[in-house]
Structure formats: C-alpha cells, structure tokens
Amino acid sequence: MRSFPLKVVLALLAILFTLPVAAPAFAKSTQPVATTAQSTSINLAHLDGLSQQVNIAGQQMLIIHVYSEYPDYKWVDAAGEGIACIDDAARAVIVYLNDYKQTHNEQSLNKARDLLKFVMHMQANDGEFYNFIKSDLSINTDGVTSKKSFDWWATRAMWSLGYGYNVFKNIDPAFAGKLQSSFLLSNTALQRKINGSYGSYIHLHGYKIPAWIDGFDSMSNALLGLTEFYQAQPLNTVKDSMLKVGRGLAEYQYGSNTQFPFGAHLDWNGSVSLWHAYGSGQTFALARAGMLLHQNTWIASAKQEADQLFSHLLVTGMINQMAPTPDKNGQIAYGVDMLVQGFMAVHQATHDPRYARYAGIAASWFTGNNDAHFAMYDPANGRGYDGLDGTTGKVSLNSGAESTIEALMALQVVNQNPSALNMVNVKTIERHTASIYEAESAKIAAGNPQIITPDSNWTGEAQYSGKMVKMSNNDQLQQELQITHSGKYMLSAALVKPHIVTGKLALEIGIDGHHVSTIQVQRSPDKDYLTLISPDQAFALTSGKHTLSVTLKAGASASLVVDNVVLQPLKEYAVFQMPNGTNFTLKHNLAGDRA
C-alpha cells in the first residue's frame, strides 16, 4: 500500500487514545502459564501472488502489485499512481530475506534479489528515488507519491538495500557490490538532505524540534538500513549518518507517564499534538542502532516509549493515532507491526524478557485479539487484511501488499522468540482503563457554554473528536460517573491552548460538589493549538455513582474551548486468557507520577 500525504491520511483515518502509564508488570499472582507454543505459519502464498516478474530495459526483476480486493483478490492498481512501487517492494525484500535467514529457502532469496533489482532501477543518478511504475512499466516521474525525492520510498529503499547488502555480502559478492554502490549513493542523498540544518532547531508551541529531520517516522527506515549496512561494513560515512539521524529521532520525544504525549517519538515537525502508529518505527530503529553503536541514550529513549506509550496500548487495545483525542477506528497492520518490532528490539537491547512477551501480546491483534474479534492474518492463505474499525467492528477484507507484508513481518519476528510466541494467541477478557467524556454531551450546570461545530475536524496540526464547547468564566459542565473500581484517578482535558491569556485560566474539577483537582492552562507561546493537558493532582473515587463537575475559572472576558475530558485510573490493568484457559493480568501503575 502506498504512503499518502499526511493531510490525506488524517482525513481518512480516525484516532484512538487513552492516557499511558508506567512500565507494566504481569501480576505476580497470575503469571502467564508457559505452554508449548506452536509457531504461527508464515505463508508467503498471497505475497507471492501479488508478485510479477517483469523485464525492464532488458533486465528481469520483480514487482509487487499494490492492492488486492475481496472477494477474488485479483491485482488492483493504485489509481493515478501506478501498478507497483518501492514502498511495497522494499518492505517485501525484508520479508523474503527474513524468510531466507529463518528457513534457508532459496526461492525467497531469489525473490529478494529480483525485488532489489527493481529498487535499484528506481534510483536516480543523485541517489534519490522515484516510487511508482505505470502499467507500461515506465516510471511515474511526476506523481505526488512518486516524484524523485528523498521521501518515504527512499528511506524504505535504504532499509532494503542495507539489509540486502548485509545478507548478500557473503552469498553473492558481485550482486552485493551493486547494492553497496546504490546504498552509498542513497546515503549521499540522505546527507544532502540533513546536513544543511544539522544541529539547528525549530520551535513550535514551546517545544524544541530538530530541524534537520521533517518526517521522523520515515527516517526510522533510513536508520534501520544504515544499521544493517554498518553491521556488514562499518564505514565512517555511514556511521556519521547514523549519529545524525539517531540524534534527531531520540530528541523528538516528550512527555511522561501522565503528561502528553506520554513518551512518544513524534512523527512530523509540523505538529506536537500528533502521533500515529503506522510507520512510527523510531523505537525499533533506535534500539537496533543503539545496540550497534553503543548509544545507551538511544536505547533509553526506545525503552521510554515502550514503557510509557506502547505498553499502555496493551491494556487499552490497539489504536491508529492520537491527535490528541481518542477513537478506535482505522487500525491497520502497519501500526501493529511497529509495536511488535519496537518491543522486540527493546527486548534485544535490554535482555528484559518482559518486552518479548509484550511483543507477543501486541501481535495477538493478528490472531483475533482486537476490537473486531477477527483474525487479521489468515495462515491458510497468507493474507493480511487491510484494517478494522474499533467502534463498529467492521473489517476490510481487502488484502493489499502493505497489510500482508506488515503482518508477515510481525509474525516472523514473534516466531523467533518462545516468550513472544507464547503470547501470540491470547485474548483480552477484561480491561480497567480510561473513559472519555465528550464536552458537548455533558449537562450544563451553570452559565451558558456554547457548543461549536468546526468547519473541519482537522486543525492543520491536530484533530477534534467532533463538536467542542466554548466555556466562559464560571461556566460549569457536569457528567454522571459509574465507577467500578475504587482508587485514585486523574482527569485530563483535550482543549485549545490559547496564545493570549489574561489572568487566571483553569478548569476546576469537582466530585460530588467537592473540589478535588485543577487543570491549569498556560498560554501557548506562539498561537492557539489543540492539545491534552493533565491536572496538578489525582483524587480518590469509590465504586458507585458520582457527579463530575468541570468549571472554568478565568478573567471576565476570557474563554476556553474544550473538546473532551479523560478519566484515567492511576492503577489500570487488562486480563488476558491463554489458549489453555488460564488467565493472567497485566498491571500498570501511574502512582509514581501522581500522588
């Protein structure tokens, strides 16, 4: 599947998020019971079926067709773009090389070789890449998702070339020499892209963002390729690129267990309110590169996201993105694979077996442990399905190249670790986690709050969850709560942080008429923007019914736009069931962050 421009993706995909928590631990009283796990079948039949041998300029090579649709699963072109692209071919190289290393299947090695020929064919003389070919096998040179650049398709090409060189160096030195030349040419293009602004920063809403990288998610692919190549041939020019890219990825990470964006490696320099699962390979890449270069700060950065954001998603269930408001729709294999790969890389870097188990739990999305209760990978035919909506439970039964490749890639890595494999067929049977309350659905208890319907949910940096409420001084909203577990909670708010603030601006939180917490709203240093703000303290709730009140305290002429509020238990958990019927509990505890 192709990479869409960011704003198109945001228009198409919905979001889900609930506040993340401290590094989780399996409950000691209910440790997962080891079973004799059977490896998940890695069936390459559907990926093979998407492949086509072609002759371009007298050279035999392999392409991967982009889409395959239910019910006949015939090839479907990407309208206006072409029939095949580097985006999919490069990732298919990873799958076939993984298969060769794991099974010694010569057919997989040969397919990887022919795909790499296609990747190299798409490279321009300056090291950049085109992405798509048309039905007549000519290169699409002017499409927005194909034009010559150092964009997504170039960084994916680097990953495949680096991995290819690492594998072919001793198997086929002549072919490896071609891969080396292509890779080093792409590294020259990478250096040209980042060197001009290396070491400088841009500032957005008070955040400091490395200016030498724009697509941080995309650059994680480049770092993976650099790591593979450097492992095989430690050239100083390659190490220089690794140090520059790794530094940028590690620095663009903010938050804590209870402060947005919760330890996430953010993806785009145009927003500090947006994180998406799809393509966010920063933890994966930083852990791998950190091991090779002994960069402990990179490993710590990867571990932070694994502990604070990724692990929390094991309790809440899978998401597509946070921007910052939650929505369960738009879950895809590409996002799940990034969690699986990230967890496994952190396990390899830290030797902590927890992360291998977390990788297996994340991969259980493919075996049916998801909001649709549907196996998103079918080992009988090798199809990875295109996605699901968590609110409706609807599944797309189309099976394009991206979905199939990412499913196979995730399960390949899980199959190599018994602890991960032991978790891949678990089912979630209970969750105790955050609840989200939309502001426009609350009862007006005082004042005259105004419901606002935005012209567009996309702000240019973030995404409203729907309607919002504009509150003025002393306006109060109320929400009835039904609490099932006594304990401490915190209430956060998704709101528009204003640039101009005169005097106090705060949301006073009350429970049953008693003040329990305050969300202080500080001014944005540059312009208004949508974000999520956490309170100054947590509060206790007993099980049963309660009334939550949110009151704005502000200057006489001030106002605040509120999208929703999130009620988060400081101690949350999920209960999973093993295939043998035994249960275990995964607990998260935020109490260290909030008294």
Side-chain angles (χ1 to χ4, degrees), residues 1 3 42-44 46-48 50-51 61-64 66 84-105 107-120 122 129 131 152-169 171 175-176 179 182-183 186 217-232 278-281 284-285 287-289 333-342 344-345 348 359 363 366 377 382 384 400-416:
M1 187 178 294
S3 293
I42 303 300
N43 187 343
L44 302 178
H46 186 59
L47 182 58
D48 291 343
L50 293 172
S51 306
M61 57 188 70
L62 195 65
I63 62 172
I64 303 290
V66 180
C85 60
I86 283 184
D87 276 331
D88 295 327
R91 285 181 285 181
V93 168
I94 308 302
V95 169
Y96 282 122
L97 290 179
N98 285 346
D99 188 66
Y100 171 74
K101 290 177 70 175
Q102 294 168 11
T103 69
H104 307 292
N105 184 343
Q107 289 184 341
S108 291
L109 183 68
N110 291 333
K111 287 175 181 176
R113 180 188 285 108
D114 286 348
L115 284 165
L116 285 164
K117 291 177 183 177
F118 171 70
V119 171
M120 290 187 285
M122 301 296 283
F129 289 84
N131 193 22
W152 273 98
W153 44 95
T155 61
R156 287 178 176 137
M158 283 196 77
W159 186 12
S160 68
L161 292 167
Y163 192 16
Y165 178 74
N166 197 344
V167 172
F168 281 101
K169 183 182 178 183
I171 296 173
F175 184 63
L179 296 174
S182 179
F183 180 88
S186 67
D217 44 9
S218 171
M219 276 293 179
S220 65
N221 294 280
L223 185 55
L224 288 165
L226 291 161
T227 301
E228 291 288 349
F229 186 95
Y230 190 81
Q231 185 178 50
Y278 52 95
S280 289
F284 179 19
R288 292 284 299 275
Y334 192 10
V336 178
D337 184 34
M338 291 301 94
L339 266 66
V340 175
Q341 301 290 347
M344 192 58 70
Q348 292 163 350
F366 292 105
Y377 167 75
E402 178 181 281
S403 303
T404 295
I405 289 165
E406 297 289 345
L408 291 168
M409 204 182 297
L411 294 169
Q412 281 177 325
V413 72
V414 166
N415 273 355
Q416 299 306 298

Quick check against the 3.5 Å criterion: does [X] have a side-chain atom that pairs as donor or acceptor with the backbone of [Y]?
| X | Y | result |
| --- | --- | --- |
| T404 | A401 | no |
| Q416 | Q102 | no |
| T155 | N221 | no |

Distance (rounded to the nearest 0.5 Å) between [X] [atom1] and [Y] [atom2]:
| X | Y | atom1 | atom2 | answer |
| --- | --- | --- | --- | --- |
| C85 | R91 | SG | CZ | 7.5 Å |
| L226 | S186 | CG | OG | 7.5 Å |
| Y100 | I171 | OH | CD1 | 3.5 Å |
| F183 | N166 | CZ | CG | 10.5 Å |
| N98 | N105 | CG | CG | 12.5 Å |
| Q412 | I405 | CD | CD1 | 10.5 Å |

Taking all non-hydrogen atoms of both residues into account, name the closest pair between V414 and A363 and its distance. CG2-CB, 3.7 Å
How would you list, by chain and number, every residue that makes a side-chain contact (heavy atoms from CB on, under 4.5 Å) with D48, sequence neighbours excluded? L44, Y96, K111
Please state whether the rings of F168 and F175 are parallel, tilted or perpendicular, taking 30° and 60° as the class boundaries. perpendicular
In terms of relative ring orientation, are Y334 and W152 parallel, tilted or perpendicular, with 30° and 60° separating the classes? perpendicular
From R288, K101, K169, residue fulfilling salt bridge (Lys or Arg N to Asp or Glu O under 4.0 Å) relative to E228: R288
